[in-house]
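Notes for the one structure printed next.
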Amino acid sequence: MGDFHQNGPVATLHNITKRPTEYLEAELIEFAKARPMTLILPSLYSELETDALAHIVDELRHVPYLSEIVIGLDRADPDQWRHAREYFSVLPQHHRILWNDGPRLLELDAELAEQRLAPRERGKGRNVWYCMGYTLVSGRGQAVALHDCDIKTYDRGMLARLFYPIANPAFSFQFSKGYYARVAGGALKGRVTRLFVTPLIRALKISVGNLAYLDYLDSFRYPLAGEFAVRADVLSDLRIPSDWGLEVGTLSELYRNFATSRICQADILDIYDHKHQALSPEDADAGLAKMSTDIAKVLFRKLAIEGQVLTSETFRTIKASYYRVALDLIEAYSADAVINGLTLDRHAEERAVEVFTESIMRAGEHYLNQPMEVPFIPSWNRVRSALPSLMPRLHAAVEADNA
């Protein structure tokens with residue numbers, strides 16, 4: 001049984017009673033009459049070849065309350081695009097696939113690039129951003145959820161619990177973040193959250209002060225969860241990173257735009273497992289080394305926006321504080337693993353902390369050397385202002401590809 005502890009300024013909606021999915025879905029069907037729902041699925045073509053996505057699609061076939069499913073497809077050639085259309089054709093809901101590598105969408109991307117409005121790099125952030133744009137112009141959903149396509153432990157009850165806080169008209173939440181336990185193969189997972197994000201946030205409290213922004217981030221039980229739901233009108237003014245900083249960057253933007261009383265987190269799944277990234281200690285531009293660097297850059301820039309002056313000495317202090325906090329947390333994780341009969345490799349944990357320590361210094365150097373960098377993709381409101389016809393043409397391009 002889950003607990004009922006509220007651990008910060010963000011409301012936590014627990015799964016205390018394990019309420020059956022069919023009860024939640026019955027209510028969501030009613031909510032959908034006034035607040036129709038859209039699901040966004042950012043996917044690589046390679047994920048169509050996995051058991052995880054096959055199971056997700058099979059589960060989604062039985063979801064009764066969705067008005068639309070928007071699938072962002074990356075890294076697909078023409079033959080793979082045709083296979084993707086067939087692959088997703090089993091979905092009974094209205095659905096559209098964005099062929100991000102197709103000529104129509106690449107032409108629009110080039111036009112945006114000329115205006116310096118396009119995402120700067122390929123990846124999940126870019127995929128999600130285009131899916132958001134299509135969702136806005138489609139207008140089929142007033143509540144929008146997003147989850148990854150590599151979830152090995154997927155259950156459609158997860159989607160119901162993710163949507164519920166946003167779809168229920170009696171609630172005032174604008175954004176719902178999913179959370180869950182990360183356990184697989186008898187071991188604790190979620191290294192970047194456990195060993196990097198949480199200790200870095202707490203180290204920042206020591207180094208720069210106990211800011212409300214840091215308390216806000218620290219209240220999320222799994223800040224790197226790729227699953228969230230949001231009111232559709234929030235998407236228009238939302239700026240997101242195009243790199244691995246997507247999740248933390250999104251939380252930071254919501255903090256800027258909304259009172260924390262409009263933001264919640266929901267327990268959506270008992271155990272979550274997906275494909276795992278390599279630590280990549282020898283290559284700073286790959287794996288968890290790059291992911292942690294991108295996340296740190298988002299945090300440092302947000303602190304600067306909050307008025308903090310960050311220098312090379314500051315980053316050295318942050319690094320030292322982080323290292324001590326992370327090692328202390330490994331002790332707690334080790335005890336937690338033992339009492340639950342799980343394994344934890346202390347050497348691997350401490351090796352990851354060493355790599356993440358290097359990421360902090362790398363991100364600090366990047367911040368100091370490139371002060372004029374624009375880290376976020378422009379909002380769709382800005383795109384509307386600069387190129388009023390682009391969103392209707394995005395809609396037309398997607399419809400033509402799916403015709």
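As a basis for the values below, the full set of heavy atoms in this structure was taken, side chains included, without hydrogen atoms, waters or symmetry mates. In this chain, numbering begins with 1 at the start of the sequence shown. What you see is a predicted model, and the numbers here were worked out from it, not measured in a lab.
- Nearest heavy-atom pair across Leu394 and Gly133 is CD2-C, 3.8 Å.
- Within a 6.0 Å sphere centred on NE2 of His62, heavy atoms belonging to other residues, nucleotides or ligands number more than 12.
- In Asp51, the CG atom is not crowded: 12 or fewer heavy atoms of neighbouring residues, nucleotides or ligands sit closer than 6.0 Å.
- In this structure, Ala352 and Leu195 approach most closely via the heavy-atom pair CB-CD1, 4.0 Å.
- For Phe315 and Phe300, the gap between ring centers is short of 6.0 Å.
- The pair Arg202-Asp218 meets the salt-bridge criterion, since a charged nitrogen lies less than 4.0 angstrom from a carboxylate oxygen.
- Aromatic pair Tyr213/Tyr255: ring centres closer than 6.0 Å.
- For the pair Glu227 and Lys177, the salt-bridge criterion is not met [side-chain N within less than 4.0 Å of a carboxylate O].
- Salt-bridge check for Glu86 with Arg82: failed, with every basic side-chain N at 4.0 Å or more from each acidic carboxylate O.
- Annotation: side chain of Val183 is not in contact with side chain of Tyr272 (no heavy-atom distance under 4.5 Å).
- Remark: aromatic rings of His147 and Tyr154 are close, center separation under 6.0 Å.
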Do Glu306 and Arg256 pass the salt bridge (charged side-chain N to carboxylate O under 4.0 Å, His left out) test, and can you show the C-alpha distance, the side-chain angles, and the key distance before you say yes or no? CA-CA 10 Å; Glu306 292 287 303; Arg256 181 181 69 87; over 6 Å; no
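- Under 4.0 Å is where a charged nitrogen must lie from a carboxylate oxygen, and between Glu399 and Arg96 at least one such pair does.
- Considering every non-hydrogen atom in both Gly245 and Asp294, the closest pair reads N-CB, 3.8 Å.
- A salt bridge is defined here as a Lys NZ or Arg NE, NH1 or NH2 lying under 4.0 Å from an Asp or Glu carboxylate O, and Arg104 with Asp401 meets this definition.
- Between Glu253 and Lys302, none of the side-chain N atoms (NZ, or NE/NH1/NH2) sits under 4.0 Å from a carboxylate O, so this pair counts as no salt bridge.
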Would Asp109 and Tyr130 count as a side chain to side chain donor-acceptor pair (under 3.5 Å) if you check the C-alpha gap in whole Å, the side-chain angles of each, and the deciding distance to 0.1 Å? CA-CA 9 Å; Asp109 185 71; Tyr130 276 111; 2.5 Å; yes
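- In this structure the side chain of Phe356 reaches within 4.5 angstrom of the side chain of Tyr322, judged on heavy atoms.
- Arg75 and Glu47 are not joined by a salt bridge, as no carboxylate oxygen comes within less than 4.0 angstrom of a charged side-chain nitrogen.
- Arg35 has no carboxylate O lying under 4.0 Å from a charged side-chain N of Glu30, or vice versa, which leaves the two without a salt bridge.
- Between Trp380 and Trp129, the angle of the ring planes stays under 30°, which puts this pair in the parallel group of the 30/60° scheme.
- Not one N or O on the side chain of Ser43 forms a donor-acceptor pair closer than 3.5 Å with the backbone of Leu73.
- Between Glu121 and Arg126 the shortest side-chain heavy-atom distance does not fall below 4.5 Å.
- Residues Leu28 and Tyr23 form no side-chain contact, since every pair of their non-hydrogen atoms from C-beta on lies 4.5 Å or further apart.
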Run the numbers on Lys124 and Asp148 for salt bridge (charged side-chain N to carboxylate O under 4.0 Å, His left out), then give the verdict. CA-CA 9 Å; Lys124 180 182 174 182; Asp148 291 330; 2.7 Å; yes
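- You'll find the side chain of Lys297 stays beyond 4.5 Å of the side chain of Arg362, heavy atoms only.
- Taking the six-membered ring where the residue is Trp, Tyr164 and Phe31 present perpendicular rings, their angle passing 60° and hence far from 30°.
- Phe258 has its ring centre no less than 6.0 Å from the ring centre of Phe175.
- Shortest non-hydrogen contact noted between Leu279 and Arg191 is CB-NH1, 4.2 Å.
- By the neighbour-count criterion of 12 heavy atoms within 6.0 Å, atom CD of Glu107 is sparsely surrounded, having that number or fewer from other residues, nucleotides or ligands.
- Asp237 has no carboxylate O lying under 4.0 Å from a charged side-chain N of Arg382, or vice versa, which leaves the two without a salt bridge.
- The existence of a salt bridge linking Lys205 and Asp215 is confirmed by a sub-4.0 Å separation between a basic side-chain nitrogen and an acidic carboxylate oxygen.
- Between Thr50 and Asp150, every side-chain heavy-atom pair lies at or beyond the 4.5 Å cut-off.
- The shortest side-chain heavy-atom distance between Phe88 and Ile69 does not fall under the 4.5 Å cut-off.
- Between Arg194 and Glu349 there is a salt bridge, since at least one side-chain N of the basic residue sits less than 4.0 Å from a carboxylate O of the acidic one.
- By the 4.5 Å heavy-atom criterion applied to side chains, Leu288 and Val355 are not counted as neighbours.
- Relative orientation of the Trp99 and Trp81 rings is parallel, given thresholds of 30° and 60° on the angle between their planes.
- The closest side-chain donor-acceptor pair between Tyr222 and Arg182 falls under 3.5 angstrom.
- Looking only at distances, no side-chain donor or acceptor of His55 sits under 3.5 Å from a matching main-chain atom of Leu53.
- No donor-acceptor contact under 3.5 angstrom links the side chains of Thr135 and Ser138, judged on distance only.
- Tested against Arg122 for a side-chain hydrogen bond (donor to acceptor under 3.5 Å, both in side chains), the candidates Asn127, Asn100, Asp101, Asp243 yield a single pass: Asp101.
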Quick one: do Glu25 and Arg156 satisfy salt bridge (charged side-chain N to carboxylate O under 4.0 Å, His left out)? Show the steps, please. CA-CA 10 Å; Glu25 290 183 338; Arg156 77 175 196 260; 2.7 Å; yes
